[in-house]
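Note that these values count all heavy atoms, side chains included, but never hydrogens, waters or copies made by symmetry. In each ligand, atom 1 is the first atom listed, and ligand 1 is the first ligand listed.
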Amino acid sequence: RSGLVAGVLLWAGAASGQVVPALPPGQPPRAVTVPPAEPIGDSIYPHLGQKGLDVLHYDVTLYIDQPGTRGLRGVAVLTLTGTRPLNVVSVDLLGPTVQDVRWNGQPAVWQQDVAAAKLRVTLPAPLPAGQRAQLTVTYAGPAGTLVDPELGLDLGWVPVQDAAGRPVSSYTLSEPDGTRTFLPVNDHPSDPATFTVHVTVPPGVVVAASGVGGAAREVAGGREFTFEQRQPIPTYALAVQVGPLERVDGPAVPATGPEGGPVQRRDYFPPDTSDAVRAPYAQVGEMLRVLSGWFGPFPFPVYGAAVITPRVPALETATLLTMPVSSSSERVIVHEGAHQWFGDTVVLGDWADVWLNEGFATYAELLWLESRGDDPGRIAATWYDRLRAQPTRPLVATTEPQLFDASAYLRGALALHALRAAVGDAAFRTFLRGYVQDHSRRPVRTADLLASAQRTLGPVARTVLGVWVESPTLPPLPAWHRLP
Ligand code: ARG
Ligand code: ZN
């Protein structure tokens with residue numbers, strides 16, 4: 001997003017009538033300036049993140065006094081280190097007002113640059129590479145407003161009202177950079193981290209979030225729910241929902257999870273969710289069996305969905321899909337399920353490579369339909385017809401509008417289909433499992449996939465994939481004969 005757009009969005013947020021809570025008494029005015037740090041250098045979102053900053057864990061405490069509004073209060077404790085020595089730590093934060101910042105427990109020198117959507121901290125002494133430190137940020141809403149320019153859709157912390165305009169619930173929809181609307185964060189997928197999330201809500205409200213747990217304890221003014229996301233995930237893959245949710249626990253899925261263990265099942269539904277909307281979630285166990293057969297063990301010990309009522313795209317939030325009622329079909333659930341491997345575990349090194357997420361997730365739809373008896377050649381031909389009817393491009397994106405276009409999804413999927421058609425199912429399966437294993441929790445670029453293909457499948461396969469990745473024109477539809 002350009003500076004101009006960001007400025008307009010900030011202005012729109014400020015003008016929407018919400019009042020920023022007063023700072024606690026005794027807070028000194030923040031007149032200091034902290035020099036900007038070098039951002040990660042993403043080719044689509046050059047302003048996001050800090051180069052050399054490695055956040056290992058976010059311990060997040062949120063107080064949601066009124067679900068369905070932008071109001072929130074929070075304390076975030078970031079356990080972090082540097083891959084190079086750091087003099088300044090700079091995190092992304094869009095919307096909330098920072099009230100207090102501590103470095104290893106001591107009051108810090110800091111600046112909230114609202115225009116740049118950064119919180120910057122001058123370190124009392126340089127942090128040597130590899131040494132750990134704790135950054136504690138106390139802040140209060142309103143959560144930031146951020147609109148996806150392609151879909152005109154609210155990103156980040158999104159409040160939901162009923163037809164009469166009464167506040168009801170809130171959900172997160174953060175891909176690519178919405179997490180910074182409710183949390184100070186190194187907001188780039190190349191820095192995945194673990195999360196502990198504590199959320200306090202009024203009586204009767206339920207919290208759902210990524211990770212294991214979800215038990216509530218009574219606290220003053222309501223209940224506190226706690227979740228532990230113990231496998232590192234990209235920041236946009238963190239799900240947090242608050243509202244009148246019904247939690248439904250299902251039978252664990254044996255032998256599909258980490259180290260051959262079970263995957264615990266739980267879903268959350270809003271009030272009055274119909275049986276038709278609930279029905280496809282009963283297939284999740286079977287989906288895990290089919291997908292883990294191709295990709296290797298499901299990466300998390302728990303899995304399910306939290307269903308929302310607004311008509312927005314589904315999102316592959318880790319261990320807990322964000323699933324609109326309108327997208328609650330087997331096919332979309334399988335797509336988001338595949339992202340638990342491709343996107344949430346094998347994480348992006350740069351947003352330009354997002355086809356590595358969307359191509360694999362779309363191909364998983366074919367693998368699922370094939371397991372139900374459908375003809376993969378027919379599905380691939382349908383995709384090809386859709387692609388032929390529009391302009392095409394090499395798979396590495398060069399502009400923001402390309403990130404989630406048909407090329408990322410369908411040409412990306414056909415690239416994998418072409419590879420499979422060339423090498424056969426056994427080799428393709430070995431390749432998929434090796435790629436996941438070698439790149440889990442490591443940022444990948446398109447070149448890494450090509451190198452994997454070369455290593456596992458040889459130069460001919462690398463060339464087949466390379467043509468689909470690089471050609472400015474649409475390569476021919478691969479002939480489909482099942483190879484063993
Ligand atoms: N990753 C989502 C999917 O499962 C798509 C999200 C689209 N989001 C966006 N901000 N354009 O395909
Ligand atoms: Zn997707």
Taking non-hydrogen atoms within less than 4.0 Å of ligand 1, which protein residues qualify?
Asp148, Leu151, Glu175, Ala314, Leu315, Glu316, His335, Glu336, His339, Glu358, Phe404, Tyr409
Scan His57, Gln229, Glu228 and name whichever one has a side chain to side chain donor-acceptor pair (under 3.5 Å) with Thr194.
His57
Check: Trp294 ring centre within less than 6.0 Å of Tyr363 ring centre
no
Stepwise side-chain hydrogen bond (donor to acceptor under 3.5 Å, both in side chains) check, Gln50 with His188
CA-CA 9 Å; Gln50 178 182 5; His188 194 267; over 6 Å; no
Counting no waters, how many protein N/O/S atoms sit under 2.8 Å from the Zn ion (ligand 2)?
3
Scan residues 245-280 for pairs that pass ring pair (Phe, Tyr, Trp, His ring centres under 6.0 Å), counting only residues two or more places apart or in two chains.
Phe269-Tyr281
So, does Asp92 use its side chain to make a donor-acceptor pair with the main chain of Leu48 at under 3.5 Å?
no
Sub-3.5 Å donor-acceptor pair from the side chain of Arg433 to the main-chain atoms of Gly293, do we have one?
yes
Quick one: are the ring centres of Trp157 and Tyr171 less than 6.0 Å apart?
no
Trp468 and His417: aromatic ring centres closer than 6.0 Å?
no
Contacts of type ring pair (Phe, Tyr, Trp, His ring centres under 6.0 Å), residue His439, not counting sequence neighbours:
Tyr435
